[in-house]
Novice: 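Okay, here's the structure, questions in a sec.
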2 protein chains.
Amino acid sequence: MTTPARDHASSPPLTEPVEDYLKAIYTLERRFGAAATSDVASALAVAPASVTGMIRRLASQGYVDHVPYRGVQLTARGRRAALRTIRRHRILESYLTAVLGYPWDRVHDEAERLEHAASDELIERMATALGHPTADPHGAPIPTADGEVDETAYRTLAELPVGETARMLRVSDKNPSLLRYLADIALQPGAEVTMVARAPFDGPITLRIGDAEPVVGPNLAAQVLVESITSSPLPVADAPSATFPVSTPRSRARKPTSR
Amino acid sequence: MTTPARDHASSPPLTEPVEDYLKAIYTLERRFGAAATSDVASALAVAPASVTGMIRRLASQGYVDHVPYRGVQLTARGRRAALRTIRRHRILESYLTAVLGYPWDRVHDEAERLEHAASDELIERMATALGHPTADPHGAPIPTADGEVDETAYRTLAELPVGETARMLRVSDKNPSLLRYLADIALQPGAEVTMVARAPFDGPITLRIGDAEPVVGPNLAAQVLVESITSSPLPVADAPSATFPVSTPRSRARKPTSR
DNA sequence: CATGTAATTTAGTCGAGCCTAAACCTTTGG
DNA sequence: CCAAAGGTTTAGGCTCGACTAAATTACATG
Ligand SMILES: [Mn+2]
Ligand SMILES: [Mn+2]
Ligand SMILES: [Mn+2]
Ligand SMILES: [Mn+2]
């Protein structure tokens with residue numbers, strides 16, 4: 001009875017670097033099936049050798065599984081921690097934008113630091129003040145307090161067939177100047193965008209957004225996620241958007257811990 | 001021209017421990033004329049030897065002057081850094097209380113962490129949203145963005161003569177249960193409080209606040225700062241509230257760097 | 001004025017995170 | 001099928017900020 005009931009209390013609080021590593025691994029694992037050392041390194045702007053060192057520590061504490069030379073994957077415990085930080089990040093971005101008038105190209109850096117300092121209470125107060133939003137200002141889904149997230153994979157604007165109209169859903173929050181440009185042409189989450197024309201050989205893409213017809217490059221279009229408006233998302237059967245080790249070979253095949 | 005204009009940019013950003021040390025030193029220096037190693041240690045809950053180590057580093061970077069065995073004092077540079085952190089802390093406490101509904105006994109811990117993570121932009125947005133408050137929820141004065149702060153020394157409630165009425169101004173933010181109790185008896189900044197009776201030999205003190213007549217101990221009363229309402233603060237000449245090395249010997253004489 | 005006590009500093013250590021350089025796997029292309 | 005290339009890990013080091021244990025200093029007091 002005197003033994004402090006440790007239950008499944010998440011042990012000592014995670015440090016800022018640890019939380020950032022777990023977030024990065026989560027994202028890379030989603031994209032490639034497993035996170036490569038060098039990808040983590042460049043995501044966090046540290047040397048690859050530093051990543052190896054941190055991975056050893058994370059593995060020893062049960063946050064990741066590591067197969068040397070083959071990458072890391074989060075354990076359930078690691079995924080829980082990553083989603084917690086991601087929730088905080090996205091609630092913070094939402095709050096800063098909606099309540100304090102931050103422009104959407106400047107919230108990311110702020111949230112990147114605050115996510116480690118804010119208490120659960122603060123995050124939940126902000127979420128409540130906002131009416132429990134489900135997406136951040138860039139359209140990224142906000143995990144619930146108990147670790148659920150919508151992981152649907154959407155199409156990019158670059159893939160939208162000519163003549164079709166879609167709803168803009170999401171864009172990466174990491175590139176401020178891209179975000180400013182998107183705001184300029186009103187290509188923001190919720191906006192309706194029509195594919196007017198696409199020049200061949202990765203040429204310029206003409207869109208219609210409201211009354212304007214901006215012309216953008218294929219790089220930009222490839223970074224914007226959209227959802228078809230003209231037809232419902234998937235008329236096909238129920239494709240369960242294969243989650244874990246099933247690496248979707250998307251231009252870059254990765255190694256999903258084949259023992 | 002290619003040399004980055006360093007101006008008086010505050011060098012590399014300060015770490016969280018450094019900011020907390022500077023704040024603690026600022027407060028102790030205000031009270032005793034200089035900060036003693038052991039006082040800093042207990043304020044920050046670290047070992048005295050750790051403080052000596054940090055002080056060496058702070059001195060080498062020009063944030064403090066250290067006379068071995070005699071304590072530290074902030075340099076102008078150190079004072080500026082300390083007041084910046086204090087401003088952030090107090091703006092944060094004000095915002096959390098006023099906008100997010102935090103109870104005043106729980107804002108301190110939150111601000112203690114956020115103060116190191118929030119950008120200047122965030123702090124100024126919060127300050128603007130609040131209409132640039134001059135005191136935090138506990139009545140502590142908020143330094144301006146350029147480092148000005150009201151350092152007036154007020155009387156404690158314990159010193160209020162029987163029969164006099166005063167305005168409650170301030171109380172330490174460090175003791176949550178004290179704060180909860182004060183809220184219970186409505187003894188909060190701005191409240192009018194009358195000294196009804198004081199039993200001899202540090203006995204219980206009877207107050208009147210509104211219609212209630214709470215009886216409190218002398219310890220509590222000594223922690224509450226008040227300002228006379230019946231007469232103006234200081235009918236005497238202009239006592240410039242002696243600032244720097246003039247240690248006000250208040251029950252504990254300290255050593256103000258006598259070389 | 002000697003000496004005991006309390007405060008402070010020094011000495012030595014540690015872990016977290018980072019780095020560079022060198023060794024080591026895996027993959028791949030000739 | 002073998003060697004170069006890339007990616008990864010190991011080896012060795014560094015700074016920051018903490019600790020304990022052992023000097024050292026200041027001060028009070030008899
Ligand atoms: Mn972000
Ligand atoms: Mn971060
Ligand atoms: Mn406080
Ligand atoms: Mn702090």
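All heavy atoms count here, side chains included; hydrogens, waters and symmetry mates do not.
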Novice: Enumerate, atom names and distances included, each donor-acceptor pair closer than 3.5 Å involving a side-chain atom of residues 19-27 of chain A, sequence neighbours excluded.
Specialist:
residue : atom : partner  : partner atom : Å
A/Glu19 : OE1  : A/His116 : ND1          : 2.6
A/Asp20 : OD1  : A/His116 : NE2          : 3.1
A/Asp20 : OD2  : A/His116 : NE2          : 3.4
A/Lys23 : NZ   : A/Glu112 : OE1          : 3.1
A/Lys23 : NZ   : A/Glu112 : OE2          : 2.8
A/Lys23 : NZ   : A/Glu115 : OE1          : 2.9
A/Lys23 : NZ   : A/Glu115 : OE2          : 2.9
A/Tyr26 : OH   : A/Glu151 : OE2          : 2.4
A/Thr27 : OG1  : A/Lys23  : O            : 3.1

Novice: With a 4.0 Å cutoff (strictly under), does any side-chain N or O of B/Thr15 reach OP1 or OP2 of D/dC16?
Specialist: no

Novice: At what distance, to the nearest 0.5 angstrom, does NE2 of B/His138 lie from CG of B/Leu225?
Specialist: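 If we round to the nearest 0.5 Å, B/His138:NE2 and B/Leu225:CG are 13.0 Å apart.
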
Novice: To the nearest 0.5 Å, what is the distance between CZ (A/Arg80) and OH (A/Tyr63)?
Specialist: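 Result: 9.0 Å between the selected atoms.
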
Novice: If only side-chain N and O atoms of B/His66 are considered, is one of them under 4.0 Å from the OP1 or OP2 phosphate oxygen of C/dT8?
Specialist: no

Novice: With sequence neighbours excluded, what pairs up with B/Gln223 under the side-chain contact (heavy atoms from CB on, under 4.5 Å) test?
Specialist: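 Counting only residues at least two positions away or on another chain, B/Gln223 forms a side-chain contact (heavy atoms from CB on, under 4.5 Å) with B/Leu178.
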
Novice: Between atom CG in A/Leu44 and atom C1' in C/dG17, what is the gap in whole Å?
Specialist: 12 Å

Novice: Specify the separation, in whole Å, of atom CG of A/Leu22 and atom C1' of C/dG17.
Specialist: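 Atom-to-atom, A/Leu22 to C/dG17, this comes out as 15 Å.
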
Novice: Round to a whole Å and report the spacing from CG of A/Leu14 to C1' of C/dG15.
Specialist: 16 Å

Novice: If you look at every heavy atom in A/Glu93 and A/Ala111, which pair is closest and at what distance?
Specialist: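 Shortest heavy-atom separation between A/Glu93 and A/Ala111 comes out as CG-CB, 3.6 Å.
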
Novice: Under 3.5 Å, which protein N or O atoms sit close to an N or O of nucleotides 22-26 of chain D? Give each pair with its distance.
Specialist:
residue : atom : partner : partner atom : Å
D/dT24  : O2   : B/Tyr69 : OH           : 3.4
D/dA26  : O3'  : B/Arg70 : NH2          : 3.3

Novice: In whole angstrom, what separates A/Leu58's CG from C/dC18's P?
Specialist: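 Interatomic distance, CG of A/Leu58 to P of C/dC18: 11 Å.
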
Novice: Which whole-number value in Å describes the distance from A/Arg57 CZ to C/dC14 C1'?
Specialist: 13 Å

Novice: Can you measure B/Tyr63 atom OH to D/dC16 atom C1' for me and round it to whole angstrom units?
Specialist: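 The answer, rounded to whole Å, is 15 Å.
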
Novice: When the distance from CD of A/Glu19 to P of C/dG17 is rounded to whole Å, what number comes out?
Specialist: 11 Å

Novice: Does a side-chain N or O from B/Ser38 land closer than 4.0 Å to OP1 or OP2 of C/dA6, or not?
Specialist: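 So the side chain of B/Ser38 is outside the cut-off, no N or O lying under 4.0 Å from OP1 or OP2 of C/dA6.
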
Novice: Can you tell me how far P of D/dG7 sits from CG of A/Leu28, to the nearest Å?
Specialist: 15 Å

Novice: OP1, OP2 of C/dA16 versus side-chain N and O of A/Tyr21: anything below 4.0 Å?
Specialist: no

Novice: What heavy-atom pair brings B/Arg125 and A/Pro103 nearest, and what distance separates the two atoms?
Specialist: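 The answer is NH2-CD, 3.7 Å.
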
Novice: Can you sort out which residues in residues 47-56 of chain B have a heavy atom within less than 4.0 Å of DNA chain C? Ascending by number, please.
Specialist: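 When residues 47-56 of chain B is checked for heavy atoms under 4.0 Å from DNA chain C, the hits, listed by number, are B/Pro48, B/Ala49, B/Thr52.
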
Novice: Which residues satisfy the side-chain contact (heavy atoms from CB on, under 4.5 Å) test with A/Ala145, sequence neighbours excluded?
Specialist: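 side-chain contact (heavy atoms from CB on, under 4.5 Å) list for A/Ala145, sorted by chain: A/Arg87, A/Glu124.
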
Novice: With salt bridge (Lys or Arg N to Asp or Glu O under 4.0 Å) as the rule and sequence neighbours excluded, what pairs involving residues 171-180 of chain B come up?
Specialist: B/Asp105-B/Arg180

Novice: Count the heavy atoms belonging to other residues, nucleotides or ligands that lie under 6.0 Å from CG of B/Asp202, then report whether that count exceeds 12.
Specialist: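 Counting neighbours around CG of B/Asp202, 12 or fewer heavy atoms of other residues, nucleotides or ligands fall under 6.0 Å, so no.
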
